[in-house]
Amino acid sequence: MSDLHHGFDETLVSGYLDGELTQGDAQKVRIHLEDCADCRSLADELNRIKETTMSTEFQLPEDNQWDEAPRSASSSLLRSFGWAIGALWLVVVFGYMFWLMATESEDLFAAVLGFGFWFAIILIFLSVLIDRLKTRKTDRYREVEK
């Protein structure tokens, strides 16, 4: 809360312009604005900002601009194929890592400890994926665009 000249609270000016003050406070502000050029200047500036803000028009994006779903059957097929290849790649890479740890590691405990972090991340990802796939059919916000 900041005070201008004469101990007047400038936040009252904003409340006055927004019509949020009680009748008594609004009358005090109106009388003060008649006598104080600084506060009148502040009120004019705040009023200009308010009018500019209220008259600003925003350009809304097209409904399909943010749509991430495939737009054709071939695109959907390619995306599914890409996910399948990516999942297969992960299985092969992590399988190979397990095999290397089991066959070439002198300290099996250290190898399992180092791999535990990545295994935990995969399990968390899979749990989220399973939950999303289960709720996908009944998600009431799935069709919300904006």
Side-chain angles (χ1 to χ4, degrees), residues 1-26 28-29 32-33 36 38-146:
M1 193 179 327
S2 120
D3 293 332
L4 285 175
H5 308 294
H6 319 296
F8 184 74
D9 181 8
E10 70 181 22
T11 59
L12 289 175
V13 175
S14 178
Y16 173 75
L17 294 174
D18 292 339
E20 296 177 351
L21 300 180
T22 63
Q23 184 177 1
D25 285 341
K28 288 178 190 175
V29 172
H32 182 78
L33 290 178
C36 181
D38 289 337
C39 291
R40 204 169 34 252
S41 173
L42 173 66
D44 290 340
E45 182 180 349
L46 288 175
N47 204 28
R48 279 192 302 275
I49 292 171
K50 180 180 176 183
E51 288 174 0
T52 301
T53 303
M54 298 303 283
S55 65
T56 301
E57 293 184 22
F58 296 97
Q59 184 178 14
L60 295 175
E62 298 292 327
D63 287 341
N64 63 355
Q65 182 174 354
W66 300 105
D67 188 15
E68 295 180 23
R71 301 198 196 293
S72 67
S74 60
S75 175
S76 178
L77 180 65
L78 290 173
R79 184 176 294 187
S80 297
F81 191 60
W83 276 106
I85 290 174
L88 180 62
W89 178 82
L90 276 176
V91 168
V92 169
V93 166
F94 280 104
Y96 181 67
M97 287 174 56
F98 269 130
W99 180 74
L100 282 179
M101 282 192 306
T103 59
E104 296 185 13
S105 178
E106 293 178 12
D107 187 8
L108 186 58
F109 177 74
V112 171
L113 190 62
F115 188 70
F117 170 77
W118 295 109
F119 190 64
I121 295 294
I122 289 171
L123 290 178
I124 292 169
F125 174 78
L126 287 175
S127 72
V128 171
L129 180 65
I130 289 168
D131 287 344
R132 290 296 296 152
L133 290 175
K134 280 186 177 182
T135 59
R136 184 176 181 174
K137 293 178 184 175
T138 59
D139 185 7
R140 58 186 183 181
Y141 299 108
R142 192 174 107 207
E143 299 297 322
V144 175
E145 296 288 327
K146 295 180 187 176

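Dense packing is recorded around CZ of Phe94, with more than 12 heavy atoms of other residues, nucleotides or ligands lying under 6.0 Å away.
Side-chain contact between Asp18 and Lys50 is present, with heavy atoms from C-beta onward closer than 4.5 Å.
Annotation: the span from Glu20 atom CD to Asp25 atom CG amounts to 12.0 Å, rounded to 0.5 Å. Annotation: the span from Thr135 atom OG1 to Ile130 atom CD1 amounts to 12.0 Å, rounded to 0.5 Å. Note: Ser41 OG to Leu46 CG = 9.5 Å, rounded to the nearest 0.5 Å. To the nearest 0.5 angstrom, Leu17 atom CG is 8.0 Å from Leu42 atom CG. Going from atom OG of Ser127 over to atom CD1 of Ile122 covers 12.0 Å, rounded to the nearest 0.5 Å. How far CG of Asp44 is from CD1 of Ile49: 11.0 Å, rounded to the nearest 0.5 Å.
Closest heavy-atom contact between Leu12 and Val29: CB-CG2, 3.7 Å.
Checked by atom type and distance alone, the side chain of Ser14 never pairs as donor or acceptor with a backbone atom of Thr11 at under 3.5 Å.
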